[in-house]
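So that the names make sense, note that chain A is the first sequence line, chain B the second, and so on, each numbered from 1.
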There are 2 protein chains.
Amino acid sequence: MSGSPRGKAPQMAIRRLSMYYRTLAALREQGVESISSEHLSALTGSTAAQVRRDLAYFGSFGRRGVGYEVHSLQTHVQKILGIGEGWPMALIGVGNLGSALLAYDGFPRQGFRIVEAFDSDPRRVGTVIRDVVVKPMDQIKETIQARHIVMALLAVPAKAAQGVTEQLVAAGVRCLLNFAPVTLKVPPHVHLASVDLSIEVEYLSYVLRESVAEGQAAEGACSDVLRALSG
Amino acid sequence: MSGSPRGKAPQMAIRRLSMYYRTLAALREQGVESISSEHLSALTGSTAAQVRRDLAYFGSFGRRGVGYEVHSLQTHVQKILGIGEGWPMALIGVGNLGSALLAYDGFPRQGFRIVEAFDSDPRRVGTVIRDVVVKPMDQIKETIQARHIVMALLAVPAKAAQGVTEQLVAAGVRCLLNFAPVTLKVPPHVHLASVDLSIEVEYLSYVLRESVAEGQAAEGACSDVLRALSG
DNA sequence: ATTGCCACGTGAAACATATCACAAGCTCCC
DNA sequence: GGGAGCTTGTGATATGTTTCACGTGGCAAT
């Protein structure tokens, strides 16, 4: 659709597109029909030039002098990201986090749905959460192949993660979103993204420390905090 | 500590340090005493040169011809990241995700602890999860100030996120880890990290689509998957 | 029509990050 | 002591990403 993939888009551009998409959806609900790169960038914490560049990787969707038509741009971004194809997903591990993922309503809203869930704990197998029946681990392969599932969410303990990953890959899964705090090894045709809470928290810890060291102190009502930080 | 901050470390370097840290901890548990950049990079999915460069932003912690002493390197990385200072954290929003965060044992293991939890739902207020009593939202400010809390985890619905953020900032919080799918606005002295499931899933959706388009097909037992993808 | 203004799309420049390749330093062994 | 073999730390280089700045096309009003 629409000619020219002018070079390859950086990872971060894709992630920003995701944010643009969400913002456009919200704007549409509010009845906004048109938006400029300037305005969209303000809403997503980006810059106007960045918004235009990110979109330019995939085509040209606006009108000069006017801006972007919200609905049309949303549709284009949706196609770029491949949302709305209703990718079915499998969830492995129905503990605290897994349950939260099953309940997360952001997925269905964006066209992704957890249609199968698996757990190794016999007490959880057979339970039903949000219309999904928890199956035992040994049914992973047949279920995933039968339902042509290509995306899986991995919410198992760190020690089990690599083993389960290999089962999933063998079953034909192409995309894996890993929540376990480990570095997974996957073959090159399998795509991997990770959500790692420790990394995020430790990153914040680092920047906190750094900003304190740089003496970005005096800020008004921070004296308590600063006392806590320095001694 | 130890002279020379040779330039500023990129964000990604910090995140990798986090992975090195975790890997070093695991190695230490296994009784490994020494490791080379080559080996460490293999365990973390990085490259040897990258490991050395990441560390070089903060000093020189190895011995040429030998490698790194696991325990000592772990300690250095710990200090760099500011782990182990026992930062107390507050959790806002004790729904499915919030409960999962309270139960997440990766935090205490890395020296971070959720010591306060808040929720707007009166049915949840007063309940105790993992030794933490859920308090009502209107106690956020006094509690956070009294306990000198500087980091907060935000697990509230998207619509409430910005409002709660402002309360937290007013209370003196310096770091915020946001799980709500919104772009938060914070003043410059407040650091923000986000975990956004939709963005991760949509990114995978994009690379999946891209890899299929590029015809990275023939892989063996993928015919089912491919049929699902193309038809 | 013409003028004035606006906002996109995009080459080119600036900046940031990752990789390469090698000198420096350590250990071991002869 | 000296040479062989290893691995770090780091200039130099290559690659990748963001920002700048402006040409282009489009709308509105006079």
Side-chain angles (χ1 to χ4, degrees), chain A residues 2-20 24 27 32-70 72-74 76-77 80 203 206-207 210, chain B residues 2-20 24 27 32-70 72-74 76-77 80 203 206-207 210:
Chain A
S2 76
S4 39
R6 315 109 145 97
K8 272 148 210 166
Q11 270 209 22
M12 280 301 146
I14 306 302
R15 296 185 131 85
R16 284 190 298 265
L17 281 183
S18 225
M19 308 232 304
Y20 306 154
L24 290 166
L27 286 168
V32 178
E33 296 190 342
S34 156
I35 193 169
S36 67
S37 59
E38 185 71 39
H39 191 185
L40 186 53
S41 73
L43 292 174
T44 55
S46 190
T47 70
Q50 185 114 67
V51 168
R52 296 199 298 274
R53 175 68 74 200
D54 288 343
L55 294 172
Y57 284 115
F58 299 98
S60 98
F61 310 114
R63 280 158 75 194
R64 299 177 185 215
V66 181
Y68 302 91
E69 203 270 301
V70 171
S72 137
L73 183 56
Q74 193 200 355
H76 277 116
V77 174
I80 292 165
Y203 175 72
Y206 169 81
V207 291
E210 190 186 38
Chain B
S2 74
S4 41
R6 314 105 147 96
K8 273 148 211 166
Q11 269 207 25
M12 280 301 145
I14 307 302
R15 294 186 131 85
R16 283 190 297 265
L17 281 182
S18 224
M19 308 230 305
Y20 305 154
L24 290 166
L27 286 168
V32 178
E33 296 190 345
S34 155
I35 192 169
S36 68
S37 60
E38 186 70 40
H39 192 186
L40 186 53
S41 73
L43 291 174
T44 56
S46 191
T47 69
Q50 184 111 67
V51 168
R52 296 198 299 274
R53 176 67 74 195
D54 288 342
L55 294 172
Y57 285 115
F58 299 98
S60 95
F61 309 114
R63 279 159 74 195
R64 298 176 186 217
V66 181
Y68 302 90
E69 203 269 302
V70 171
S72 136
L73 184 56
Q74 193 200 357
H76 278 115
V77 175
I80 293 165
Y203 174 72
Y206 169 80
V207 291
E210 190 187 39

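- Summarising the geometry, the separation between CG on A/L17 and C1' on D/dT18 is reported as 15 Å, rounded to the nearest angstrom.
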Exercise. Mark up nucleotides 23-29 of chain D, 5' to 3', with B wherever a protein heavy atom is under 4.0 angstrom from a base atom, S wherever such an atom reaches only the sugar-phosphate, and - elsewhere.
Key: BBBSS--

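- Between B/S41 and B/T47 the shortest heavy-atom distance is CB-C, 3.2 Å.
- A heavy-atom distance below 4.5 Å is found between the side chains of A/Q11 and B/Y203.
- At the phosphate of D/dT19, OP1 or OP2 sits under 4.0 Å from a side-chain N or O atom of A/T47.
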Under 3.5 Å between N/O atoms: give me all the protein pairs with nucleotides 14-16 of chain C, atom names plus distance.
none

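- Rounded to 10 degrees, the angle separating the terminal helix axes of the helix from C/dA1-D/dT30 to C/dC30-D/dG1, each built from five base pairs, is 0°.
- At a threshold of 4.5 Å between non-hydrogen side-chain atoms, the residues B/I14 and B/D54 do not count as touching.
- Among all heavy-atom pairs drawn from A/S34 and A/V70, the shortest one is N-CG2, 3.7 Å.
- Under 4.0 angstrom from either OP1 or OP2 of C/dA18 there lies no side-chain N or O belonging to B/Y57.
- The separation between A/L73 atom CG and C/dA7 atom P is 16 Å, rounded to whole Å.
- Here A/S36 contributes atom OG and A/R52 contributes atom CZ; the two are 9.5 Å apart, rounded to the nearest 0.5 Å.
- For A/S60 and C/dG9, the shortest distance from a side-chain N or O to OP1 or OP2 is below 4.0 Å.
- Taking every heavy atom of both residues into account, A/L24 and A/V77 meet most closely at CD1-CG2, 4.4 Å.
- Spacing between atom CE of A/M12 and atom C1' of D/dT19 amounts to 18 Å, rounded to whole angstrom units.
- Looking at A/L40 and A/Y68, their side chains never come closer than 4.5 Å, going by heavy atoms from C-beta outward.
- In this structure, B/E38 and B/R53 both approach DNA chain D, and ranking their closest nucleotides by distance from the 5' end singles out B/E38.
- For A/R52 and D/dT19, the CZ to P distance is 12 Å, given to the nearest whole Å.
- Considering only heavy atoms from C-beta on, A/L55 comes within 4.5 Å of A/L73 through its side chain.
- Across the protein-nucleic acid pair, A/D54 atom CG and D/dT18 atom C1' stand 10 Å apart, rounded to whole Å.
- As rounded to whole Å, 14 Å separates atom P of C/dG9 from atom CZ of A/F58.
- Distance, A/Q50 CD to C/dT10 C1': 15 Å, rounded to whole Å.
- Distance, B/F61 CZ to D/dG9 P: 8 Å, rounded to whole Å.
- How far CZ of B/R63 is from OG of B/S72: 10.0 Å, rounded to the nearest 0.5 Å.
- Across B/K8 and B/Y57, no two heavy atoms sit closer than the pair O-CE2, 3.8 Å.
- Checked against C/dT19, C/dA7, D/dT7, the side chain of A/S36 finds its nearest nucleotide in C/dA7.
- For the side chain to side chain contact (heavy atoms under 4.5 Å, CB included) criterion with A/T44, the lone passing option out of A/H39, A/R16, A/M19 is A/M19.
- Counting only heavy atoms from C-beta outward, the side chains of A/Y20 and A/I35 never approach each other to under 4.5 Å.
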